[in-house]
Peer 1: 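What follows is a structure written as structure tokens; I'll ask about it next.
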Amino acid sequence: MNRAKIFVFTFIVLHSSVSIPQVISVAPEYEERYEHLLSELRCLVCQNQTVAESPADLSNDLRIEVKEMLERGATDQEILKFMSDRYGDFVLYNPPVKPRTYLLWIGPFLLLAGGLITALMLVKRRSMDITDNELNDKDRQRLKDLLDEDINTKMK
């Protein structure tokens, strides 16, 4: 009885942790385009997986939709536009450059520029602090007097 429970428990755990995307058979003439299109589309349910990699039901539906559109003679651009119109630009791994996506495309460069400017300001501030620590003439004279006094004290 315990072995049966262990087997059932193991089966449930393995079945729930290993999900394999359903394979959709495509005519050989569309296979390369089909695989390319699936790699261009993001799973809307999963964390950063392509539609080709995702075991989610929605991704399976998208794979079927792509296959049917290919068989109806749609071009790759038409299929990607259909998916983008239906699910938004998030479904595309390479979203188009347009006003809604400017921050997406320019944002990393803005962050990089901000980081470089901050680093340059910190380096400049440090170099100014180092130059500020140099002795002025009055301090040099005082230091020289102290050293002379110390030497004279030791000589006696």
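All values reported here derive from a predicted model rather than from experimental measurement.
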Peer 1: Could you tell me which residues satisfy side chain to side chain contact (heavy atoms under 4.5 Å, CB included) with Arg125, sequence neighbours excluded, listed by chain and number?
Peer 2: Asp129
Peer 1: Hydrophobic side-chain clustering at under 4.5 Å (ILVMFWY, transitive links): who's grouped with Val123? Put none if nobody.
Peer 2: none
Peer 1: Tell me, please, which residues at least two apart from Val26 pass side chain to side chain contact (heavy atoms under 4.5 Å, CB included).
Peer 2: Tyr30, Tyr34, Lys67
Peer 1: Would you list the pairs meeting salt bridge (Lys or Arg N to Asp or Glu O under 4.0 Å) in which at least one residue belongs to residues 28-43, sequence neighbours left out?
Peer 2: Arg33-Asp76
Peer 1: Could I get the full list of side chain to side chain donor-acceptor pair (under 3.5 Å) partners for Tyr93, not counting sequence neighbours?
Peer 2: Asn48
Peer 1: In chain order, what residues pass the side chain to side chain donor-acceptor pair (under 3.5 Å) check against Ser39, with sequence neighbours excluded?
Peer 2: none
Peer 1: With a cutoff of under 4.5 Å between side-chain heavy atoms, which Ile, Leu, Val, Met, Phe, Trp and Tyr residues group with Leu120?
Peer 2: none
Peer 1: Donor-acceptor pairs under 3.5 Å, side chain of residues 145-152 to any protein atom, not counting sequence neighbours: which ones?
Peer 2:
unit_1	atom_1	unit_2	atom_2	d
Asp145	OD1	Gln141	NE2	3.0
Asn152	ND2	Asp148	O	3.2

Peer 1: Check side chain to side chain contact (heavy atoms under 4.5 Å, CB included) between Ile64 and all other residues, then give those that pass, not counting sequence neighbours.
Peer 2: Ile24, Asn60, Glu68
Peer 1: Which residues satisfy the side chain to side chain donor-acceptor pair (under 3.5 Å) test with Asp139, sequence neighbours excluded?
Peer 2: none
Peer 1: Scan for salt bridge (Lys or Arg N to Asp or Glu O under 4.0 Å) pairs involving residues 88-114, sequence neighbours excluded, and state none if there are none.
Peer 2: Asp89-Lys98
Peer 1: Anything under 3.5 Å between a donor and an acceptor, one on a side chain of residues 102-118, the other on a protein residue two or more places apart or in another chain? List them.
Peer 2:
unit_1	atom_1	unit_2	atom_2	d
Trp105	NE1	Pro95	O	3.2
Thr118	OG1	Gly114	O	2.8

